[in-house]
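Side chains are part of it too, since the values below use all heavy atoms of this structure and drop only hydrogens, waters and symmetry mates. Model, not experiment: these values are computed from the prediction. Numbers restart at 1 for each chain; the letters A, B, ... are given by sequence-line order, proteins then strands.
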2 protein chains.
Amino acid sequence: MELKELVDRYQAAINLVYRKVSILLKEKINVDITSDQFPTLQYIANNKKCTSTDIAYTFGIGKSAVTAQVNRLFDKGLIIRERDEKDRRVVYLLATEKGREFVTNTEKILFEVLGKYLSNFEDEEINTFIQLLEKLARIMDEGEVDE
Amino acid sequence: MELKELVDRYQAAINLVYRKVSILLKEKINVDITSDQFPTLQYIANNKKCTSTDIAYTFGIGKSAVTAQVNRLFDKGLIIRERDEKDRRVVYLLATEKGREFVTNTEKILFEVLGKYLSNFEDEEINTFIQLLEKLARIMDEGEVDE
DNA sequence: GTTAAATAGTTCACTTATTGAACTATATTA
DNA sequence: TAATATAGTTCAATAAGTGAACTATTTAAC
């Protein structure tokens, strides 16, 4: 099969999935947080000793963009900052009780809907899909020279 | 397998892939266009009789956001607007020669890199992956009630 | 056929997101 | 100890998004 056709199909499909998940998030997030802020909060809640640098790397954005996002989450009482005692340059980001609860609730709703979609697949199909996606991610991560 | 684990793995992998493609775009796009503007321009170049409403729907954003994007692309001479002669409300978006060339060149570079990644996969793996992704997209699209 | 409702797109005011350069503070290394 | 690297913030600017109000046009109702 031709590469262009494959990429076109991939793009069309992945765009649609992304759009749906994004719309889903916008619909289901009832507190005042945007669908851009949620992934950041989620990352902070699910990763211990998370730093701004981690987030910048994970989401492929600059550190100053992270500072702005973190400020917004902080202002809403969803996260706190904590300096490393040994390396005073480092600031750890931690979800507050409110932040954790928010992530848990939102994930629960998300999982319900996604679970509904996934019920259309055989267990084996899901496994194959995830494994291939992870393989692609691994290859892209390794294929990196300058970083 | 547990749903949460599946979703976590999916998110981690898809985030990484998205980040890599985005970084790739940022690196390879040499003209003054952002990695957000490129998908819109690409959509316009690849779809005849494309309208603002199409783009808003495809990318899951509001029509006023599209107007702003379209203005930026127009200012750069990458697209033009053309009113429908029959239904004077409709404005078709068309890529200019410059816009088409730009998409072609960028896609070529993208395909080269993506092709390199895909060479790590068997043809059958790629097919299975795309088919499963398309199935997911189809299910999510159908699962829609209000729209 | 005129009125009412729907549709396509734009404008506007506002918030959020991102960039990149300059900066502070701290650690590392030469 | 001096030079360099790292972590994070601040700042000014641009891009991107929302939602409400608006114009222009078409379609539907009566």
Could you state whether [X] and [Y] fall into the same hydrophobic cluster, counting links through intermediate Ile, Leu, Val, Met, Phe, Trp or Tyr residues with side-chain heavy atoms under 4.5 angstrom apart?
{"X": "B:Y92", "Y": "B:I44", "result": "no"}
{"X": "B:I33", "Y": "B:L94", "result": "no"}
{"X": "B:I14", "Y": "A:V7", "result": "yes"}

Side-chain donor/acceptor pairs under 3.5 Å, residues 58-67 of chain B, sequence neighbours excluded:
unit_1, atom_1, unit_2, atom_2, d
B:T58, OG1, B:Y43, OH, 3.3
B:T58, OG1, B:D54, O, 2.8
B:T67, OG1, B:K63, O, 3.2

- Does a side-chain N-to-carboxylate-O contact under 4.0 Å join A:E112 and A:K116? no
- Is the shortest side-chain N to carboxylate O distance from A:R138 to A:E134 below 4.0 Å?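 So A:R138 does not pair with A:E134 through a salt bridge.
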Those residues that, when tested against [X], pass side chain to side chain contact (heavy atoms under 4.5 Å, CB included) (two or more places apart):
{"X": "A:L118", "value": "A:F121, A:I126, B:L3"}
{"X": "A:D87", "value": "A:D84, A:R89, A:V90"}
{"X": "A:S35", "value": "A:L25, A:K26"}

[X] [atom1] to [N] [atom2]: how many Å, rounded?
{"X": "A:Y57", "N": "D:dA7", "atom1": "OH", "atom2": "P", "result": "14 Å"}
{"X": "B:L93", "N": "C:dG9", "atom1": "CG", "atom2": "P", "result": "8 Å"}
{"X": "A:Q69", "N": "D:dG8", "atom1": "CD", "atom2": "P", "result": "15 Å"}
{"X": "A:Q37", "N": "C:dT15", "atom1": "CD", "atom2": "C1'", "result": "10 Å"}
{"X": "A:I33", "N": "C:dT16", "atom1": "CD1", "atom2": "P", "result": "11 Å"}
{"X": "A:I55", "N": "C:dA17", "atom1": "CD1", "atom2": "P", "result": "13 Å"}
{"X": "B:K63", "N": "C:dC12", "atom1": "NZ", "atom2": "P", "result": "17 Å"}
{"X": "B:I61", "N": "C:dT10", "atom1": "CD1", "atom2": "P", "result": "13 Å"}

- Task: Under 4.0 Å between any heavy atoms, over every strand shown, what does A:A68 touch: base, sugar-phosphate, or nothing? Just pick one.
- Result: base
- Does the base of C:dG9 carry an N or O that pairs as donor and acceptor with the side chain of B:T67 under 3.5 Å?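 By the distance-only test, no, there is no pair.
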- Task: Count the heavy atoms belonging to other residues, nucleotides or ligands that lie under 6.0 Å from CZ of B:F74, then report whether that count exceeds 12.
- Result: no
- Message: Counting only heavy atoms and a strict 4.0 angstrom limit, can you tell me which residues of residues 70-81 of chain B come near DNA chain D?
- Response: B:R72
- Item | With sequence neighbours excluded, residues passing salt bridge (Lys or Arg N to Asp or Glu O under 4.0 Å) with B:E124 |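 B:E124 satisfies salt bridge (Lys or Arg N to Asp or Glu O under 4.0 Å) with no other residue.
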- Listed in order of residue number, which residues of residues 44-53 of chain B have a non-hydrogen atom at under 4.0 Å from DNA chain C?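 B:T51, B:S52, B:T53 - these, ordered by number, are the residues of the stretch whose heavy atoms sit under 4.0 Å from the strand.
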- Check every atom of C:dT19, D:dG8, C:dG9 against the side chain of A:A65 and return the nucleotide holding the closest atom.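 Nearest to the side-chain atoms of A:A65, counting from C-beta on, is C:dT19.
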- Message: When you measure from the side-chain N and O atoms of A:S64 to the phosphate of C:dT18, is any distance below 4.0 Å, counting only OP1 and OP2?
- Response: no
- Query: Under the side-chain hydrogen bond (donor to acceptor under 3.5 Å, both in side chains) test, which residues partner B:R81, sequence neighbours left out?
  - Reply: B:N71
- Item | salt bridge (charged side-chain N to carboxylate O under 4.0 Å, His left out) contacts in which one or both residues fall within residues 99-110 of chain B, not counting sequence neighbours | A:K4-B:E107, B:E97-B:R100
- Once base and sugar-phosphate atoms are separated, protein heavy atoms under 4.0 Å mark nucleotides 22-30 of chain C, 5' to 3', with B, S and - as ---BBS---
- Task: Measure the angle between the two terminal helix axes of the helix from C:dG1-D:dC30 to C:dA30-D:dT1, five base pairs each, and quote it to 10°.
- Result: 30°
- Query: Which residues pass the ring-ring contact (aromatic ring centres under 6.0 Å, His included) test with A:Y10, sequence neighbours left out?
  - Reply: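 With sequence neighbours excluded, A:Y10 shows a ring-ring contact (aromatic ring centres under 6.0 Å, His included) to no residue whatsoever.
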